[in-house]
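First comes the structure, then the notes that go with it.
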Amino acid sequence: MKMIDLEPGDPRLGTDVLPVLLELRPHLTEELFHEIHAEGHPQGLRFTAAFTDDGRCAGVAGWRIVVNTATRRMLYVDDLVTTEDTRSEGVGRQLLAYLEDRARSAGCQWIELDSGTQRTRAHRFYLRERMDITAFHFGKELD
């Protein structure tokens, strides 16, 4: 498995990353994805893709380094998804390990993510990876 950090303008964002990301974020269109990436990149949004030995994208992580009063410096995972046909094959574990290494090398004290309450398979994975449930996340859609 090869982990590749993709820069803005890399054509693989549309051809490889977006199709995998759609498994987690079905509301995205190609145009919306590129708009979000263009606005988010200056704020620290990055995408890492996990490619198999035959060059197929099997997983994607969207992430950023954030500094706040609760956790100090942390790597926040916006998206962590593997293709349905590669789940339970270690792709997610390798992506998460890669992100943990990135966090350590960036001086982070914490790695954090949110996961929808309905994603019980993902929760089992995070717990197996020694992540803890540390908070409730509240949200409110604005008119």
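None of the values given here were measured: they were computed from a predicted structure. Positions are given from 1, in the same order as the sequence printed here.
Contact of the Arg46 side chain with the Asp5 side chain is not registered, since no non-hydrogen atoms from C-beta on lie closer than 4.5 Å. Two residues are said to be in side-chain contact when any heavy atoms from C-beta on lie closer than 4.5 Å; Phe47 and Asp10 fail this criterion. Considering only heavy atoms from C-beta on, Glu39 stays 4.5 Å or farther from Glu35 through its side chain. In this structure the side chain of Leu45 never reaches within 4.5 angstrom of the side chain of Trp63, judged on heavy atoms. Side-chain contact between Thr71 and Gln109 is absent, with no heavy-atom pair separated by less than 4.5 Å. Counting only heavy atoms from C-beta outward, the side chains of Arg87 and Phe125 never approach each other to under 4.5 Å. Looking at heavy atoms from C-beta onward, Asp78 lies out of side-chain contact with Asp114 at the 4.5 angstrom threshold.
In the displayed structure, Arg64 atom CZ is contacted under 6.0 Å by more than 12 heavy atoms of other residues, nucleotides or ligands.
Considering every non-hydrogen atom in both Ile65 and Ala106, the closest pair reads CD1-CB, 4.0 Å. Among all heavy-atom pairs drawn from Thr82 and Gly92, the shortest one is CG2-N, 3.5 Å. Between Met1 and Asp53, the closest heavy-atom pair is N-OD1, 3.7 Å. Scanning both residues, Val91 and Ala50, for their nearest heavy atoms gives CG1-CB, 4.0 Å. In plain terms, the two heavy atoms of Glu23 and Val81 that are nearest each other are CB-CG2, 4.2 Å. Of all heavy-atom pairs spanning Glu30 and Gly14, the tightest one is OE2-CA, 4.4 Å.
Taking the six-membered ring where tryptophan is involved, the planes of His41 and His37 are perpendicular, since the angle between them exceeds 60° and thus also 30°.
Judged purely by distance below 3.5 Å, without hydrogens or angles, the side chains of Thr134 and Asp132 never pair a donor atom with an acceptor atom. Using modelled atom types and a 3.5 Å distance limit, the side chains of Tyr76 and Asn68 yield no donor-acceptor pair.
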Exercise. May I have the step-by-step check of salt bridge (Lys or Arg N to Asp or Glu O under 4.0 Å) for Asp85 and Arg56, ending in yes or no?
Key: CA-CA 12 Å; Asp85 64 325; Arg56 192 170 56 92; 3.4 Å; yes

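Across Leu13, Val20, Thr48, a single residue satisfies side chain to side chain contact (heavy atoms under 4.5 Å, CB included) together with Val60, and that is Val20.
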